[in-house]
Amino acid sequence: ILGVDYRREPPVLELSEEGRAAGRELRARHPPRPGRSIVGLNTGAGGRWRYKRWTEAGFTELSRRLLDDGHQVWLLGGPEEVERNARLAAATGGRALETGCDNTLREFAGLVDACDAVVTGDTLAMHVAIARLKPVVVLFGPTSLGEIEVFARGERVAPDLECLVCYKQDCDFVPNCMESIATDTVHAALVRQLRP
């Protein structure tokens, strides 16, 4: 559209010390164990695209696996994820850490920046993680993974369905695209991203 040559320049997001403070302070209070990581799970996707959200069951199982492996799980989200994140934290016996759902955009970016890796749908958290050079596992369903570049900083995961990239806000397929993403697939992708 702009007539500018595309050279795969990655996005850049600069954060001030103030913007990074919330994440740094939380990480200082909850440091990862030696050889383990802090994994941010961005559990929502805003109100417009409910099928960008992976299932609570998937996030719960992934959280349990990560916690059992000694990693920390930080639950990320906005105002629409308050109840969802509370249920996810409760399902892990409180071991998954709720980072708050009322953070400013800068505080949210600082929390993502403090994570060692992020699992998210096609959302703001994905863009922040990529711009902040964080390993990311992005889960796709109704939106186009072909239009998103992770710049060798992660993996794009989508189920093997013909109806993908429908951009529908409602769906009567059972299981739907996000329900078709297996926890094993997400966990394996994340393990690959956490390797040194």
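Remember, it's a predicted structure, so these values are computed and weren't measured experimentally.
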**Student:** Evaluate the criterion side-chain contact (heavy atoms from CB on, under 4.5 Å) for residue pair His71 and Arg33; output intermediate values, then yes/no.
**Tutor:** CA-CA 7 Å; His71 300 291; Arg33 290 173 29 195; over 6 Å; no
**Student:** Atom OG1 of Thr99 and atom NE2 of His30: how far apart are they, to the nearest 0.5 Å?
**Tutor:** 10.5 Å
**Student:** With rounding to the nearest 0.5 Å, note down the distance linking CD in Gln72 to CZ in Arg95.
**Tutor:** 11.5 Å
**Student:** When clusters are formed from ILVMFWY side-chain contacts under 4.5 Å, directly or step by step, what else is grouped with Val4?
**Tutor:** Leu2
**Student:** Can you tell me if Arg132 uses its side chain to pair, donor with acceptor, with the backbone of Leu13 under 3.5 Å?
**Tutor:** yes
**Student:** Quick check: closest heavy atoms across Leu111 and Gly23, and the distance to 0.1 Å?
**Tutor:** CD2-CA, 3.9 Å
**Student:** Got a second to check how far Arg153's CZ is from Leu133's CG, nearest 0.5 Å?
**Tutor:** 4.5 Å
**Student:** Count I, L, V, M, F, W, Y as connected when their side-chain heavy atoms are under 4.5 Å apart, and connections chain through other members. Are Leu190 and Leu67 then in the same cluster?
**Tutor:** yes
**Student:** Taking side chain as C-beta onward, heavy atoms only, is Leu76 less than 4.5 Å from Leu41?
**Tutor:** no
**Student:** Search all heavy atoms of Gln193 against all heavy atoms of Val136 and return the closest pair with its distance.
**Tutor:** CG-O, 4.3 Å
**Student:** Within a strict 4.5 Å, meaning less than it, do heavy atoms of the Val137 and Arg192 side chains meet?
**Tutor:** no
**Student:** Is any side-chain heavy atom of Leu97 closer than 4.5 Å to a side-chain heavy atom of Leu75?
**Tutor:** no
**Student:** Tell me whether Arg64 at atom CZ has more than 12 heavy atoms from other residues, nucleotides or ligands lying less than 6.0 Å away.
**Tutor:** yes
**Student:** Shortest non-hydrogen contact from Leu139 to Ile181?
**Tutor:** CB-CD1, 4.0 Å
**Student:** Are Ser63 and Thr60 linked by a side-chain donor-acceptor pair shorter than 3.5 Å?
**Tutor:** no
**Student:** Assess whether side-chain contact (heavy atoms from CB on, under 4.5 Å) is satisfied between Asp113 and Leu15, documenting all intermediate values.
**Tutor:** CA-CA 9 Å; Asp113 187 61; Leu15 290 176; 4.1 Å; yes
**Student:** Which value, rounded to the nearest 0.5 Å, describes the distance between Thr185 atom OG1 and His187 atom NE2?
**Tutor:** 11.5 Å
**Student:** Grab the two heavy atoms, one from Asn85 and one from Gly77, that are nearest each other, plus how far apart they are.
**Tutor:** ND2-N, 4.0 Å
**Student:** In the hydrophobic clustering (ILVMFWY, side-chain contacts below 4.5 Å, transitive), which residues join Val12, or is it alone?
**Tutor:** none
**Student:** Taking the side chain as every heavy atom from C-beta outward, state whether Met126 and Ile148 have any pair of such atoms under 4.5 Å apart.
**Tutor:** yes
**Student:** Search all heavy atoms of Gly78 against all heavy atoms of Cys101 and return the closest pair with its distance.
**Tutor:** O-CB, 3.0 Å
**Student:** Between Glu25 (side chain) and Ala22 (backbone), is there a donor-acceptor pair under 3.5 Å?
**Tutor:** no
**Student:** Measure the shortest side-chain to side-chain distance between Glu9 and Phe151 over non-hydrogen atoms and say whether it is less than 4.5 angstrom.
**Tutor:** no
**Student:** Would you say that Arg27 contacts Trp74 through its side chain, given a criterion of any heavy-atom pair below 4.5 Å between the two side chains?
**Tutor:** yes
**Student:** Can you tell me how far CZ of Arg36 sits from CG of Leu66, rounded to the nearest 0.5 angstrom?
**Tutor:** 10.5 Å
**Student:** For a side-chain contact (heavy atoms from CB on, under 4.5 Å) check, start with the C-alpha distance between Val186 and Trp54, then their side-chain angles and the critical distance, and finish with the verdict.
**Tutor:** CA-CA 10 Å; Val186 179; Trp54 195 30; 3.7 Å; yes
**Student:** Could you check Leu124 against Leu105 for side-chain contact (heavy atoms from CB on, under 4.5 Å), going step by step and ending with a plain yes or no?
**Tutor:** CA-CA 10 Å; Leu124 173 67; Leu105 286 175; 3.7 Å; yes
**Student:** Between Val112 and Ala125, which heavy-atom pair has the shortest distance, and what is it?
**Tutor:** CG1-O, 4.3 Å
**Student:** Would you say the side chain of Thr183 lies within less than 4.5 Å of the side chain of Phe59, judging by non-hydrogen atoms?
**Tutor:** no
**Student:** Looking at side-chain heavy atoms only, is the closest gap between Val157 and Phe140 below 4.5 Å?
**Tutor:** no
**Student:** Can we say Asp184 and Arg65 salt-bridge, meaning some charged N sits less than 4.0 Å from an Asp/Glu carboxylate O?
**Tutor:** yes
**Student:** Looking at CZ of Arg156 and CG of Asp122, how far apart are the two atoms once the value is rounded to the nearest 0.5 Å?
**Tutor:** 11.0 Å
**Student:** Ion pair present between Glu56 and Arg84, side-chain N to carboxylate O less than 4.0 angstrom?
**Tutor:** yes
